[in-house]
There are 2 protein chains.
Amino acid sequence: MSQQRHGSTPGGADGVPAFPDLPEATIARLPEYLRALHHLAETGAETVSSEGLAAAAGVNSAKLRKDLSHLGSYGTRGVGYDVALLIDQIEYILGLDKNRAVCLVGVGNLGHALAGYAGFASRGFRVVALFDADPKKVGEEINGLAVRHIDDLERVAVEESIAIGVIATPPGTAQAVADALVAAGVTSILNFAPGVLSVPSNVDVRKVDLAIELQILSFHEHRKASLTALPGGRAPAVANGDQEAVGS
Amino acid sequence: MSQQRHGSTPGGADGVPAFPDLPEATIARLPEYLRALHHLAETGAETVSSEGLAAAAGVNSAKLRKDLSHLGSYGTRGVGYDVALLIDQIEYILGLDKNRAVCLVGVGNLGHALAGYAGFASRGFRVVALFDADPKKVGEEINGLAVRHIDDLERVAVEESIAIGVIATPPGTAQAVADALVAAGVTSILNFAPGVLSVPSNVDVRKVDLAIELQILSFHEHRKASLTALPGGRAPAVANGDQEAVGS
DNA sequence: CGCGATTTGTGCACGCCTTCACAAGCGCCT
DNA sequence: AGGCGCTTGTGAAGGCGTGCACAAATCGCG
């Protein structure tokens, strides 16, 4: 470990201690560990071994140990990891103790569903504002939250100190919405609209394109079909399962 | 290119030629290239340079050239790539010329939206069946398609030769649904339910967890906050944009 | 009190992916 | 016909991430 310890605010009452810079790949896995840990906590487990947690999260145990070691890990050799403690650690690292405010732009087909998605609230996020450009949708109430006009975005975003915005508009308007979000001080964007967004370098963008996911699966279907075409017979479905996942 | 040419069915009427085994990372980017190419085709462009296409797809031009070179690329030095030809190539590789049949299980909040998502149909996929376990939802019609009971899954999947299934159920039932899909001969699954699915090794699974995406963004928010807390002042929003993206 | 069983934390090697830099190829202009 | 500028395709280097295998540490038991 080249990173010398800064001490995670040992006894101090200081707010933000030194921040470990985790590998991107590790960060992407932490939420999965967290979900598995919550599940374990509900079943009453006090501690987990790396082996057990790795299985629950669908990864290699060595990878899990290395990931956890990056955040100064609280594990006990011969015993395992304290579930409650690890949950707190990961939630702190991910910044989930802040109960972050999120706004959603575009209350169409997909946006409507996202506005009502229970999985957000249960995992540390509050959807505090909905926006749409269509006057017919403004005023509509979804899940107890009124849809506002997009012109109010900047004012509301500042008032509610929203740092994360979700774009669920048609592709054509996504860039304009992104610009508006950035102007409103939003520094993280989750984009469901196909296409590339251009934003300042201090803004983080993550993209989710549902069609792309299907296209990747389609490729593997194509590949599998062209393989079983040539060699022996079709394997008869391999009975039971080691699990497998394609990409990340 | 270590793979010697098998000839991509030069004049032959043969169905499936040898399949180039592309790196996973490349496969994941092909759909984005494809989308950018379609956009270019609509604007009437005949050819694109790697630089131009790379910009439209949000990647490095060298990476794009290497990606395209893997599939035996049809580019002309000094000119660029033929847009129409490249579209055909990528669609063939991704197996999109088959207009693949997809079924969707779980017509709840999210599933309802996915059933009506226009982006699927426009990019080579037909949603041909909807399933749900709730008798109250069976019979309901969404976008001209009736919801069937999940017990009919196996029969319908075989009839319609469905190879790709989408899971949009609550987490608790996702594994059971996955098992049913596998039993019905589905070999690719797109899973929106949180949690790890266990499937035979010949089945590909891709997971989309919306909360995880937000949690990753939350981490970067946390990081940015703890960085601007210590060093100089806050950068005043960087005016205009080089673009940036966090992960993939 | 010491020993063995167990599990974490990590040094190391390997492989994949990205990026640079440049030679090879193509078209156009003179 | 010849040369010049532009663009592709790719060899090589560097970085990142993964997985193995083992030393270090802790607990429980005799």
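This structure is a prediction, so every number in the text was calculated from the model and none was measured. Residue numbers begin at 1 in each chain, while the letters A, B, ... track the order of the sequences.
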In whole angstrom, what separates A/Tyr81's OH from D/dC27's P? 15 Å
Name each donor-acceptor pair under 3.5 Å that joins a side chain in residues 52-65 of chain A to protein atoms two or more places apart or in another chain, with its distance.
residue, atom, partner, partner atom, Å
A/Asn60, OD1, A/Ala62, N, 2.6
A/Arg65, NH1, A/Ser50, OG, 3.0

Scan side-chain atoms only and decide if A/Ser188 and A/Asp204 contain a donor-acceptor pair under the 3.5 Å cut-off. no
With a 6.0 Å cut-off on ring centres, are A/Phe219 and B/Phe19 close enough? yes
Does the base of C/dT19 carry an N or O that pairs as donor and acceptor with the side chain of B/Lys66 under 3.5 Å? yes
Starting at CD of B/Glu24 and ending at P of D/dT18, how long is that distance when rounded to a whole Å? 14 Å
Flag the pair A/Arg206 / A/Asn191 as yes when at least one side-chain heavy-atom distance between them is below 4.5 Å, and no otherwise. no
Rounded to whole Å, how long is the line connecting atom CZ of B/Arg29 with atom C1' of C/dT19? 12 Å
Using a 3.5 Å cut-off and no angle test, enumerate the donor-acceptor pairs between side-chain atoms of residues 37-48 of chain B and protein atoms at least two apart in sequence or in another chain.
residue, atom, partner, partner atom, Å
B/His38, NE2, B/Glu91, OE2, 3.0
B/Thr43, OG1, B/Leu40, O, 2.7

Protein proximity profile, nucleotides 21-30 of chain C - base contact B, sugar-phosphate-only contact S, no contact -, cut-off 4.0 Å on heavy atoms: B-BBBSS---
How long is the line joining NZ of B/Lys63 and C1' of D/dC16, in whole Å? 13 Å
Please report, rounded to the nearest Å, how far the P atom of D/dT8 is from the CG atom of B/Leu68. 9 Å
Nearest to the A/Asn60 side chain among C/dC20, D/dG19, C/dT8, which nucleotide is it? D/dG19
Tell me yes or no: between the side chains of B/Tyr33 and B/Asp67, is some donor less than 3.5 Å from an acceptor? yes
Nearest-Å distance for atom pair CG/C1', residues A/Leu64 and D/dC20: 16 Å
To the side chain of B/Ser50, which of C/dT8, D/dT8, D/dT18 is closest? D/dT8
Atom-to-atom span, CD1 of A/Ile27 to P of D/dG17 - whole angstrom: 9 Å
Charged N to carboxylate O below 4.0 Å: is that the case for B/Glu221 and B/Lys224? yes
Expressed as a whole number of angstroms, how long is the span from B/Leu53:CG to D/dT7:C1'? 14 Å
